[in-house]
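Scroll down for the structure; my scribbles are underneath it.
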Amino acid sequence: VNVRLEAIRAEYQKMPAFHHEEEKHNLEMLKKKGKDIFHQLHLSKTKMAHRREILRGTYAELMKMCHKPDVELLQAFGDILYRSESVLLHMPQPLNLELRAGPITGLRDRLNQFRVDITLPHNEANSHIFRCGDLRSICIGCDRQNVPHITATPTSFLARGAQTFTSGKYYWEVHVGDSWNWAFGVCNKYWKGMNQNGNIHGEEGLFSLGCVKNDIQCSLFTTSPLTLQYVPRPTNHVGLFLDCEARTVSFVDVNQSSPIYTIPNCSFSPPLRPIFCCIHL
């Protein structure tokens, strides 16, 4: 919660002073959401502890019954089974830990002052990563319904932008739609990308935001270091703001006009290049 609050405060410090009331409202809303989540986690922990004790008692009863005659065992087994099923049916459900922040007025307008056009070398462009819209955005996504030749084997698609950056501030946007299993950001000149087996190399020298789907949930993460981000999954457009002098890479949910996360103290080794990746699982 504190990391999210600091990110919001940092953005408002770059905005005009008349945003004070909006900042106050957004921070209070975020603090309330954080308190609600901690309260729900506490209740869930208490319920889990209570049900654990019930199940331990049930286990002890079953161990005692193992040595009893079969008829007596069957007579008691139904009641124990019913109580065990009741406990399992009322187990705490997974909590939504997303910290949704209110929109910051004028955030995109400020970032658009540093807007650049990102292009892909022809040999690196493919049907999964391509130019779109006003030619100042990149589309990435892996929709299995639109790619019938995809097999069950995990496949990675990776492309670097043609531009390189050594100093200054830059902003561009990526269209992710409603897809998942994607990542984009910037990488150092020495970052190797894929190895001979087609797998993505480690995160060292890679400063990115990614989205992966696990069962029915999608999770966001950033690299350098690898960190889960408890914010709503962005849809449509995501912005990236690169500040070479401050050594930061920031990601923005464009639709919500809200910051996602800023990777601080990046170990840049210029020239930096944009990078885009999507993965079929």
Side-chain angles (χ1 to χ4, degrees), residues 7 98 118-121 124-132 137-144 146-147 150 153-165 170-195 197-215 217-242 248-256 258-264 266-269 272-281:
E98 294 177 350
I118 299 298
T119 58
L120 297 176
E124 295 203 21
N126 55 56
S127 61
H128 309 278
I129 306 171
F130 53 90
R131 300 289 298 282
C132 69
S137 297
I138 298 290
C139 288
I140 56 175
C142 292
D143 187 348
R144 297 181 67 91
N146 295 331
V147 191
I150 294 297
T153 304
T155 308
S156 301
F157 301 90
L158 183 147
R160 290 177 173 86
Q163 288 70 26
T164 59
F165 308 108
Y170 307 91
Y171 175 73
W172 62 90
E173 294 179 357
V174 170
H175 179 79
V176 298
D178 195 33
S179 63
W180 51 82
N181 293 336
W182 50 260
F184 78 100
V186 295
C187 65
N188 284 335
K189 62 179 180 180
Y190 60 78
W191 192 72
K192 296 180 181 179
M194 292 185 180
N195 59 26
N197 298 323
N199 297 320
I200 304 298
H201 270 289
E203 60 168 310
E204 185 179 356
L206 174 66
F207 313 95
S208 64
L209 170 72
C211 176
V212 293
K213 188 175 184 181
N214 183 13
D215 295 328
Q217 292 185 328
C218 288
S219 299
L220 285 183
F221 66 90
T222 50
T223 59
S224 298
L226 187 63
T227 307
L228 279 176
Q229 300 298 330
Y230 296 101
V231 298
R233 175 170 67 98
T235 57
N236 204 351
H237 285 86
V238 183
L240 182 153
F241 178 62
L242 169 65
T248 59
V249 178
S250 303
F251 298 95
V252 175
D253 186 331
V254 176
N255 277 20
Q256 298 299 320
S258 176
I260 296 174
Y261 184 69
T262 295
I263 304 176
C266 297
S267 54
F268 290 155
S269 180
L272 305 170
R273 291 182 67 183
I275 192 165
F276 311 91
C277 174
C278 66
I279 303 172
H280 289 293
L281 297 177

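From a predicted model like this one, the values you see are computed outputs, not experimental measurements. Position 1 is the first residue of the sequence, and the numbers go up from there.
- Using a 4.5 Å heavy-atom cutoff, the side chains of H175 and N236 are in contact.
- A salt bridge (Lys or Arg N to Asp or Glu O under 4.0 Å) check over residues 225-242, counting only residues at least two apart or in different chains, returns the pairs D178-R233.
- Atom OH of Y230 is surrounded by 12 or fewer heavy atoms from other residues, nucleotides or ligands within 6.0 Å.
- Formation of a donor-acceptor pair under 3.5 Å by the R273 side chain with backbone atoms of G161 is found in this model.
- The side chain to side chain contact (heavy atoms under 4.5 Å, CB included) search around Q256 returns R100, D253, S258, not counting sequence neighbours.
- Considering only residues two or more places apart in sequence or on other chains, Y171 meets the side chain to side chain contact (heavy atoms under 4.5 Å, CB included) condition with R108, L111, N112, F114, R115, E173, F241, V254.
- Aromatic ring centres of W172 and F165: separated by under 6.0 Å.
- Closest approach of L220 and V231 over heavy atoms only: CD1-CG2, 3.5 Å.
- Taking each heavy atom of W180 and C218 in turn, the nearest pair found is CB-SG, 4.0 Å.
- N181 contributes a side-chain N or O that, together with a main-chain N or O of K213, makes up a donor-acceptor pair within less than 3.5 Å.
- Closest approach of I275 and C187 over heavy atoms only: CD1-SG, 4.1 Å.
- Rounded to the nearest 0.5 angstrom, T222 OG1 and L206 CG are separated by 10.5 Å.
- In this structure, I260 and P234 have side chains that are in contact, with non-hydrogen atoms separated by less than 4.5 Å.
- Closest approach of T223 to S208, counting heavy atoms only: OG1-N, 2.9 Å.
- Atom-to-atom distance recorded for S250:OG and L209:CG is 11.5 Å, nearest 0.5 angstrom.
- With rounding to the nearest 0.5 Å, the separation of CZ in F221 from OH in Y261 is 13.5 Å.
- The two residues I263 and S224 make their nearest non-hydrogen contact at CG2-O, 3.5 Å.
- For the pair F268 and L242, the tightest heavy-atom approach, listed with the atom from each and the gap, is CZ-CD1, 3.7 Å.
- Proximity of a side-chain donor or acceptor of S219 to a complementary backbone N or O of V212 within less than 3.5 Å is not detected.
- Screening F184, Y170, F276 for a side chain to side chain contact (heavy atoms under 4.5 Å, CB included) involving I118 leaves a single residue, F276.
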